[in-house]
Amino acid sequence: KVFKVTMQSVIKTRSKSNLSERLGSTLQSNIEKQMNIIEKNYTFLANYEKNKNIDLITFTGSVGVGKLIAENAGYKRTVLELGGNDPLIVLSDLDDDDLNKAADLAIMGATKNSGQRCTAVKRILVQESVADKFVELALEKAKAIKFGDPMDINNQLGTVINKEAASMFNDRVNKAEQDGAKILYNPGVQEALVPPIFIDNVNYKSELVVEESFGPIVPVIRVPNDDEKVMEISNSTAFGLSSGVCSNDFRRIKKYICSYI
């Protein structure tokens, strides 16, 4: 087994600190007997295609490295998870009660684990006829989230991986605002602590929602009531992975499902 660690990993490896601090010395020893831990480069990729002892290659990380693995895998099985830019789509048939449920899904999906999940909600597409009410409900929920020290069990939202990532998210939010979006809630980024920043009227071509923003940002994209146009906008990024549709009309939901296949 080969274990390649990102240099920003919060799970410590031998180059940063001893895994035994977290796992115990016996488990540390057993893991290292079964794994080759690679920490600085991908040179091992050149040989694994010919290695008869490798049956399956799994990888979670960047698109670039994922493509490199796929190109060299030959007939070996691969499981590649290369990021996502997951939309939650809120359709116009919802009443106020259902919009409140959709707002719960949106805020929880965007902020849980500080938004650092590949399947986190990273774009919220809301049809125009229900957008005002949805934003009102979702904004209230975002403001109610208690954020701060992740070691404090009373906090609901902690830090992102590092201050560089936090700064990048903040820059993307500011760029989106320059492009016409409206920041409705942003108490301020502090080092690696990113609050649940709520931003409305985001252009679907903005970097904030075109790229994978791996943090607790709540970007609302107002879209037409025309489902075909919404599907086009939803599918306009290079990323896929997961999506959600909030509606009581199964016929409409089915059309969205088919548009992703």
Side-chain angles (χ1 to χ4, degrees), residues 83-147 155-158 160 169-170 172-173 176-177 181-187 194-204 206-225 227 229-231 233-237 239-249 252-253 256-257 259-260:
N85 195 353
D86 315 276
L88 180 69
I89 303 167
V90 181
L91 299 189
S92 56
D93 62 280
L94 300 185
D95 61 21
D96 287 359
D97 287 340
D98 289 328
L99 284 173
N100 190 55
K101 295 175 184 176
D104 279 332
L105 289 173
I107 299 304
M108 181 176 66
T111 62
K112 189 175 181 180
N113 198 37
S114 296
Q116 298 174 119
R117 305 184 333 276
C118 295
T119 55
V121 172
K122 301 182 183 74
R123 297 177 290 152
I124 305 168
L125 280 58
V126 188
Q127 290 191 315
E128 284 285 359
S129 61
V130 294
D132 286 345
K133 185 62 178 179
F134 174 85
V135 167
E136 175 190 333
L137 294 167
L139 178 60
E140 181 181 359
K141 297 176 190 297
K143 289 181 175 179
I145 294 175
K146 187 174 181 180
F147 60 92
N155 287 327
Q156 299 167 286
L157 180 66
V160 295
F169 302 148
N170 202 44
R172 288 180 179 177
V173 167
E177 183 183 34
K182 299 177 182 178
I183 300 175
L184 301 184
Y185 180 64
N186 183 4
V194 181
I197 300 174
F198 196 108
I199 181 166
D200 189 15
N201 281 295
V202 177
N203 188 311
Y204 75 90
S206 171
E207 180 184 1
L208 177 65
V209 290
V210 169
E211 299 297 334
E212 183 179 26
S213 297
F214 215 56
I217 316 300
V218 186
V220 174
I221 304 170
R222 296 185 179 226
V223 292
N225 291 327
D227 286 349
K229 182 62 177 177
V230 178
M231 293 177 204
I233 292 172
S234 178
N235 288 321
S236 63
T237 78
F239 296 93
L241 194 59
S242 73
S243 60
V245 180
C246 298
S247 173
N248 288 315
D249 188 335
R252 295 177 75 184
I253 294 171
Y256 278 90
I257 293 171
S259 79
Y260 295 128

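Bear in mind that the values here come from a model prediction, so they are computed numbers and not experimental data. Numbering of residues begins at 1 and proceeds along the displayed sequence.
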Criterion side-chain contact (heavy atoms from CB on, under 4.5 Å) on D200 and R222, from CA distance to verdict: CA-CA 8 Å; D200 189 15; R222 296 185 179 226; 2.9 Å; yes
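- In this structure, D227 and Q127 have side chains that are in contact, with non-hydrogen atoms separated by less than 4.5 Å.
- For Q156, the side-chain contact (heavy atoms from CB on, under 4.5 Å) test picks out I145, K146, with sequence neighbours left out.
- When side chains are defined from C-beta on, L94 does not count as touching F134, because their heavy atoms never get closer than 4.5 Å.
- Residues T237 and R123 come closest through the heavy atom pair CG2-NH1, 3.6 Å.
- The environment of E128 atom CD is dense: over 12 non-hydrogen atoms of other residues, nucleotides or ligands sit within 6.0 angstrom.
- Across all their heavy atoms, P224 and V230 have their closest contact at O-CG2, 3.2 Å.
- The nearest pair of heavy atoms linking L139 to F198 is N-CE1, 3.5 Å.
- For the 3.5 Å distance criterion, the side chains of S213 and R172 qualify, holding a donor opposite an acceptor.
- Rounding to the nearest 0.5 Å places CG of L105 at 5.0 Å from SG of C246.
- In this structure, the separation between OG on S236 and CG on N85 is 8.5 Å, given to the nearest 0.5 Å.
- Contact detail for N203 and V209: the closest heavy-atom pair is O-CG2, 3.5 Å.
- Checking N225 against S129 by side-chain atom types alone, a donor-acceptor pair falls below 3.5 Å.
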L91 vs D249, side-chain contact (heavy atoms from CB on, under 4.5 Å): CA-CA, chis, key distance, verdict: CA-CA 9 Å; L91 299 189; D249 188 335; over 6 Å; no
Working for side-chain contact (heavy atoms from CB on, under 4.5 Å), residues N170 and V194: CA-CA 8 Å; N170 202 44; V194 181; over 6 Å; no
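- Remark: the D86 side chain and the T119 side chain contain no N/O donor-acceptor pair separated by less than 3.5 Å.
- Between Y204 and K229 the shortest heavy-atom distance is OH-NZ, 4.5 Å.
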D95 vs K133, salt bridge (charged side-chain N to carboxylate O under 4.0 Å, His left out): CA-CA, chis, key distance, verdict: CA-CA 10 Å; D95 61 21; K133 185 62 178 179; over 6 Å; no
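- Here the closest non-hydrogen pair linking I217 and F169 is CD1-CB, 4.2 Å.
- Rounding to the nearest 0.5 Å gives a distance of 10.0 Å between CD1 of I257 and CE of M231.
- Taking CD1 of I253 as the start and CD1 of I89 as the end, the distance is 10.5 Å to the nearest 0.5 Å.
- One finds the CD1 atom of I183 at 3.5 Å from the CD atom of E177 (value rounded to the nearest 0.5 Å).
- Residues L157 and S114 form a side-chain contact, since some pair of their non-hydrogen atoms from C-beta on lies under 4.5 Å apart.
- In this structure, NZ on K112 lies 6.5 Å from CZ on R117, to the nearest 0.5 angstrom.
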Identify each donor-acceptor pair in which a side-chain atom of residues 96-104 lies under 3.5 Å from a protein atom, sequence neighbours left out, and give them as a table.
from : atom 1 : to   : atom 2 : distance (Å)
D98  : OD2    : N248 : ND2    : 2.7
N100 : OD1    : K141 : NZ     : 3.0
D104 : OD1    : K141 : NZ     : 2.9

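- For N113 (side chain) and Q116 (main-chain N/O), a donor-acceptor pair under 3.5 Å exists by modelled atom type.
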Worked check of side-chain contact (heavy atoms from CB on, under 4.5 Å) between T111 and F147: CA-CA 10 Å; T111 62; F147 60 92; over 6 Å; no
